Amino acid sequence: MDTKYIFVTGGVVSSLGKGIISSSLACLLKARGMRVTIQKFDPYINIDPGTLNPYEHGECYVTVDGHEADLDLGHYERFTNVPTTRANNVTTGRIYQSVIDKERRGDYLGKTVQIIPHVTDEIKRNVKLLGNTGNFDYVITEIGGTVGDIESLPYLEAVRQLRWELGQNALCIHLTYVPYISAAKELKTKPTQHSVKQLQEVGIQPDILVLRTEHEIPVDMRKKIAQFCNVSPDAVIQSPDVPSIYKVPLTMHAQHLDEIVLRKTGLPVEGEPDMAPWLHFLDRMDHAEETVTIGLVGKYVELQDAYKSINEALFQAATYNDRKLNLVYVHSEKLNEGNVEEKLSGMDGVIIAPGFGHRGIDGKFVALKWCREHDIPTFGICLGMQCMVIEFARDVLGLADANSTEMEPNTPHNVIDLMEDQKSVTAKGGTMRLGAYDCVLAPGSRAAEAYGATEVKERHRHRFEFNNDYREQFEAAGMKCVGENPDTHLVEVVEIPGHRWFIGTQYHPEYSSTVLSPNPIFLDFIKAAIAYKHDKQK
């Protein structure tokens with residue numbers, strides 16, 4: 001079967017949820033036995049989001065092959081259970097870099113290099129790359145930004161060309177917004193009409209419209225939109241607000257989105273998608289009555305997308321433990337010895353978030369000391385794990401000046417130090433220790449019990465590491481190094497066995513947690529938090 005290509009564009013406003021719609025469609029097609037992948041094209045000139053501040057772009061997601069990617073790739077993986085790679089996220093920066101590299105090598109044989117055809121050809125090559133090499137039935141390509149944005153025009157031109165070249169093997173889904181004017185008590189279709197008109201002006205006729213809305217859109221209004229936008233009435237679908245993003249696939253299937261896509265790409269519609277595992281998850285989510293309260297201590301808490309994968313991993317783990325998640329954000333810059341008890345005493349478990357730089361770091365040390373002394377289930381991730389090590393060194397080992405050389409280059413006790421292979425690195429983008437690496441866990445450790453295995457593979461994003469020169473001191477004092485990379489012997493996991501649950505991971509287990517395969521260490525952390533809550537209530 002020829003690979004089918006689906007392009008998802010957006011109009012009217014940004015942040016409508018193209019990634020969730022793309023992921024939901026992929027989830028449904030996969031449940032029908034199709035091999036599906038999704039890619040995101042971002043129209044910014046950064047090579048990747050690795051150097052972007054979370055305030056600019058939310059979380060930076062890391063793929064198994066070590067590519068720093070847009071956070072939508074996290075949604076793709078959580079909904080499809082299929083790992084993504086570098087090929088699944090392309091930016092304008094990467095496109096232009098590739099074109100310029102080819103020009104410098106002389107690949108264009110002296111021709112004038114232009115947006116059309118050279119840049120658009122490079123975009124098309126990247127679109128078809130997954131279909132040519134990945135053995136997929138469907139490749140869903142989400143075009144970032146909004147129709148009408150200058151920076152998105154080369155992508156839309158590439159989509160226009162591909163629609164002609166691929167014929168029935170390509171279709172376009174356009175996501176727009178239908179606002180409700182409360183003063184007039186009316187839904188307004190004009191923004192959608194204008195958005196589709198803009199798309200038509202660049203030569204693209206959408207095959208399917210998905211209308212984001214906070215209010216039910218009447219059938220007559222949907223027919224009106226179909227008429228004005230040259231779309232068949234059955235292909236105008238509404239996407240109302242739902243209590244959880246994980247219910248969007250069901251909303252889309254109820255309106256036959258997956259069937260419409262199959263028919264429009266020339267495939268037979270047979271039976272129903274096998275959504276049994278997904279429905280099992282939703283059933284547990286809907287029937288959870290008790291709550292587990294987790295405090296997330298970080299410096300970006302006012303921007304929840306900065307910790308998107310952690311939020312979702314906690315939610316998935318809580319659901320599989322038959323609990324509702326009450327996630328409380330605690331700003332580490334505002335946390336101190338005077339208010340730590342007030343802020344954290346109501347928590348059943350505490351996560352010390354990852355990050356970079358010294359801002360908010362003292363609040364993390366305060367939180368860790370309080371949690372360790374009060375034996376509260378505590379989970380440190382990446383910088384959170386490094387903070388565990390530093391706090392323990394200062395308070396238990398008596399190394400008052402212990403620090404990371406990231407925070408204090410001249411610290412006399414560099415318990416966290418720059419990795420050896422990072423010492424000659426000067427460029428910032430894509431140069432950290434990135435991607436999935438093996439980790440061997442000590443038999444009998446709490447981490448090994450959580451995973452049910454002694455060999456795991458998790459994704460990394462860091463430059464600094466535990467300094468093995470101090471390993472004996474830590475272990476003698478009660479903090480055990482229970483996970484290490486088998487090739488480099490870098491310490492990946494630390495824990496305090498004498499505590500209820502006190503584990504730090506240098507890697508990011510949240511990246512590999514999905515709806516159908518929740519990460520085991522998150523499951524165990526939530527289980528420990530529930531047990532602690534019960535103990536408190538006795």
Side-chain angles (χ1 to χ4, degrees), residues 49-54 58-64 66-69 71 74 294-301 303 305-314 330 332 350-361 363-365 367-368 371 378-393 403-407 415-419 422 428 430-439 441 447 450 456-467 479 481-485 488 490-495 502-513 519 521-522 525:
T51 56
L52 287 172
N53 190 306
E59 168 190 84
C60 178
Y61 189 77
V62 177
T63 62
V64 286
H67 177 63
E68 292 172 296
L71 59 82
I294 303 296
L296 191 152
V297 179
K299 65 179 177 180
Y300 297 118
V301 293
L303 183 77
D305 273 356
Y307 305 115
K308 191 65 181 172
S309 291
I310 293 175
N311 300 354
E312 298 304 321
L314 286 168
V330 181
S332 59
V350 173
I351 291 240
I352 308 298
F356 295 92
H358 59 80
R359 185 168 69 84
I361 202 93
K364 291 182 178 181
F365 295 146
L368 282 163
C371 289
T378 307
F379 189 3
I381 298 175
C382 198
L383 180 62
M385 170 266 203
Q386 296 173 4
C387 288
M388 280 183 163
V389 170
I390 295 166
E391 189 281 322
F392 191 88
N403 214 328
S404 165
T405 50
E406 179 185 9
M407 314 305 165
V415 292
I416 302 294
D417 201 5
L418 188 64
M419 299 174 69
Q422 288 285 320
K428 295 286 185 243
T431 57
M432 284 183 272
R433 186 173 186 236
L434 293 163
Y437 288 87
D438 292 323
C439 175
L441 299 169
V456 298
K457 201 178 188 85
E458 295 282 14
R459 302 179 209 181
H460 294 249
R461 187 176 184 246
H462 64 104
R463 296 185 194 279
F464 293 79
E465 60 166 318
F466 181 92
N467 187 343
M479 179 174 274
C481 301
V482 299
E484 68 172 41
N485 180 276
T488 60
L490 294 178
V491 172
E492 309 277 32
V493 185
V494 297
E495 66 179 54
F502 199 89
I503 297 177
T505 64
Q506 181 58 77
Y507 52 73
H508 291 259
E510 69 273 18
Y511 289 147
S512 61
S513 191
N519 190 285
I521 202 161
F522 275 95
F525 170 62

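In this chain, numbering begins with 1 at the start of the sequence shown. The shown structure was predicted, so the numbers you read here are calculated from the model rather than taken from an experiment.
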State the [atom1]-[atom2] distance between [X] and [Y], to the nearest 0.5 angstrom.
X      : Y      : atom1 : atom2 : value
Cys439 : Asn485 : SG    : CG    : 7.5 Å
Leu314 : Ile351 : CG    : CD1   : 4.5 Å
Ser332 : Leu383 : OG    : CG    : 9.0 Å
Ile294 : Phe379 : CD1   : CZ    : 11.0 Å

Looking at side-chain heavy atoms only, is the closest gap between [X] and [Y] below 4.5 Å?
X      : Y      : answer
Thr378 : Met388 : yes
Phe464 : Thr405 : yes
Met407 : Ile361 : yes
Phe392 : Leu368 : no

With no hydrogens and no angle check, is any side-chain donor or acceptor of [X] less than 3.5 Å from a backbone partner on [Y]?
X      : Y      : value
Lys364 : Ala353 : yes
Ser513 : Asn519 : yes
Lys299 : His358 : no
Glu495 : Ala447 : yes
Tyr511 : Tyr61  : no
Tyr307 : Tyr300 : yes
His508 : Glu510 : no
Gln386 : Ser404 : no
Asp417 : Phe466 : no

Shortest non-hydrogen contact from [X] toward [Y]:
X      : Y      : value
Tyr437 : His460 : CD1-CD2, 3.7 Å
Ile352 : Ala367 : CD1-CB, 4.1 Å
Val494 : Val491 : CG1-CG1, 3.9 Å
Arg459 : Tyr507 : O-CB, 3.3 Å
Thr63  : Ala69  : CG2-CB, 4.3 Å
Pro354 : Cys382 : CB-CB, 3.8 Å

Trace of the side chain to side chain contact (heavy atoms under 4.5 Å, CB included) decision for Val389 with Met479: CA-CA 8 Å; Val389 170; Met479 179 174 274; 4.3 Å; yes

Side chain to side chain contact (heavy atoms under 4.5 Å, CB included) between Phe356 and Arg463, worked out: CA-CA 10 Å; Phe356 295 92; Arg463 296 185 194 279; 5.6 Å; no

Note: Arg461-Glu68 ion pair, threshold 4.0 Å (strictly below):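 Salt bridge: yes.
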
Sole residue of Ile503, Ile381, Val456, Val493 in side chain to side chain contact (heavy atoms under 4.5 Å, CB included) with Ile521: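 Of the listed options, the one satisfying the test is Ile503.
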
Set of side chain to side chain donor-acceptor pair (under 3.5 Å) partners for Ser309, sequence neighbours left out: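 Only Glu59, Arg78 meet the side chain to side chain donor-acceptor pair (under 3.5 Å) criterion with Ser309.
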
